[in-house]
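Both backbone and side-chain heavy atoms feed into the values below; hydrogens, waters and symmetry mates do not. We're numbering straight along the sequence, starting at 1.
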Amino acid sequence: MSKNKLVTLSAEGKAEAGTTTSVNIRDFEPFFVDEREAIGGNNKGPNPLEYFLGAFGACTSVIATMVAKEQGFTYEDFEFGTEGQLDPRGYQGVEGVQTYYQTIEVNVVVETDESDEAFETFVAEVERRCPLYNLIKDAGVEVKSNWEKK
């Protein structure tokens with residue numbers, strides 16, 4: 001019986017002026033995480049929760065690519081939009097208020113000539129295997145997942 005090998009991913013960062021943080025991942029240029037000026041930030045980049053929404057959509061897209069290859073599922077275009085609702089009082093320190101998203105909606109449009117049955121199988125497998133989709137669900141966040149075949 002073989003033992004599963006774990007993979008370690010990492011990021012490093014440094015607090016800059018105000019709410020700005022620079023983040024380094026692998027050999028890529030650093031990117032900035034920040035808040036809007038209206039709430040005291042420098043607006044040098046998306047905030048952490050916005051990056052999370054982008055990462056969730058991108059994770060769905062990456063897993064879709066893998067699943068499509070394995071299933072022989074072909075598509076011409078894959079687009080996503082993500083949106084999350086949260087009560088900011090949680091991260092502002094109000095006791096008893098959840099600090100993270102209460103609901104997250106992902107809308108995916110896939111341009112494909114595949115059958116409806118193949119499309120449903122594809123979607124189910126993408127959601128089953130997407131790490132961020134499952135992380136969100138396991139945290140008890142309501143996920144509204146809307147897939148459209150075009």
Side-chain angles (χ1 to χ4, degrees), residues 1-36 41-88 90-91 97-150:
M1 183 176 207
S2 66
K3 185 175 180 178
N4 293 337
K5 294 182 181 180
L6 297 179
V7 175
T8 301
L9 305 177
S10 64
E12 296 176 349
K14 179 174 175 34
E16 305 284 342
T19 60
T20 304
T21 301
S22 62
V23 178
N24 296 289
I25 298 175
R26 292 190 277 151
D27 296 329
F28 296 105
E29 290 292 320
F31 63 90
F32 292 102
V33 179
D34 205 350
E35 290 291 344
R36 297 181 310 269
N42 299 309
N43 204 37
K44 286 189 125 183
N47 71 38
L49 293 168
E50 291 167 327
Y51 269 114
F52 185 84
L53 291 174
F56 172 38
C59 188
T60 302
S61 178
V62 168
I63 297 300
T65 301
M66 295 169 59
V67 169
K69 183 177 180 181
E70 291 168 9
Q71 292 180 349
F73 183 92
T74 60
Y75 57 87
E76 295 299 315
D77 196 29
F78 186 101
E79 295 183 11
F80 69 85
T82 52
E83 185 173 276
Q85 294 78 38
L86 60 97
D87 186 338
Y91 60 75
V97 179
Q98 183 173 301
T99 60
Y100 50 88
Y101 289 113
Q102 294 174 359
T103 62
I104 293 180
E105 184 170 347
V106 58
N107 296 295
V108 181
V109 178
V110 182
E111 186 178 333
T112 183
D113 291 329
E114 298 284 351
S115 70
D116 290 346
E117 182 181 334
F119 182 69
E120 289 173 18
T121 300
F122 169 72
V123 170
E125 186 64 6
V126 171
E127 289 182 345
R128 185 185 77 78
R129 290 172 47 182
C130 179
L132 291 183
Y133 178 85
N134 288 290
L135 178 68
I136 294 164
K137 279 183 51 182
D138 289 351
V141 175
E142 178 186 355
V143 180
K144 298 175 183 175
S145 184
N146 308 305
W147 289 69
E148 178 186 344
K149 180 182 144 190
K150 194 169 137 184

* Does Thr82 reach the main-chain N or O of Leu53 with its side chain, forming a donor-acceptor pair under 3.5 Å? -> yes
For residues 143-150, dump all side-chain donor-acceptor pairs below 3.5 Å to protein atoms at least two apart in sequence or in another chain.
from: Ser145; atom 1: OG; to: Glu127; atom 2: OE2; distance (Å): 2.3
from: Ser145; atom 1: OG; to: Trp147; atom 2: NE1; distance (Å): 3.0
from: Asn146; atom 1: ND2; to: Glu105; atom 2: OE2; distance (Å): 2.9
from: Asn146; atom 1: ND2; to: Asn107; atom 2: OD1; distance (Å): 2.7
from: Trp147; atom 1: NE1; to: Glu127; atom 2: OE2; distance (Å): 2.9
from: Lys149; atom 1: NZ; to: Glu114; atom 2: O; distance (Å): 2.6
from: Lys149; atom 1: NZ; to: Asp116; atom 2: OD1; distance (Å): 2.9

Could you pull out all donor-acceptor pairs under 3.5 Å where a side-chain atom in residues 43-50 meets a protein atom, sequence neighbours excluded?
from: Asn47; atom 1: OD1; to: Leu49; atom 2: N; distance (Å): 2.9
from: Asn47; atom 1: OD1; to: Glu50; atom 2: N; distance (Å): 2.8
from: Glu50; atom 1: OE1; to: Asn47; atom 2: N; distance (Å): 2.7

* For the residue pair Glu16 and Phe32, what are the closest heavy atoms and their distance? -> CG-CE2, 4.5 Å
* **From Ile136 atom CD1 to Phe56 atom CZ, the distance as rounded to the nearest 0.5 Å** => 4.0 Å
* Looking at CZ of Arg129 and CG of Asn134, how far apart are the two atoms once the value is rounded to the nearest 0.5 Å? -> 11.5 Å
* Asked: Does the Thr112 side chain pair with the main chain of Thr74, one donor and one acceptor, at a distance under 3.5 Å?
  -> yes
* Atom CZ in Phe52, atom OH in Tyr101: separation rounded to 0.5 Å? -> 8.0 Å
* Relative to each other, are the rings of Phe122 and Phe78 parallel, tilted or perpendicular (30° and 60° limits)? -> perpendicular
* Structure fact -> In terms of heavy-atom contacts, Thr19 and Asn42 come closest through OG1-N, 4.1 Å
* To do: Could you tell me whether a side-chain N or O of Ser61 sits under 3.5 Å from a main-chain N or O of Gly57, the two making a donor and an acceptor?
  => no
* From OH (Tyr133) to CG (Leu135), nearest 0.5 Å -> 12.5 Å
* To do: Over all heavy atoms of both residues, which pair between Ala118 and Ser115 is shortest? Give the atoms and the distance, please.
  => N-OG, 3.0 Å
* To the nearest 0.5 Å, how far apart are CG in Asp113 and CD in Glu76? -> 7.0 Å
* **Atom pair CG/CZ of Asp34 and Arg36 - distance to nearest 0.5 Å** => 11.0 Å
* Asked: What pairs with Phe31 under ring pair (Phe, Tyr, Trp, His ring centres under 6.0 Å), at least two apart in sequence or on another chain?
  -> Tyr51
* Between Ile25 and Ala11, which heavy-atom pair has the shortest distance, and what is it? -> CG1-CB, 3.7 Å
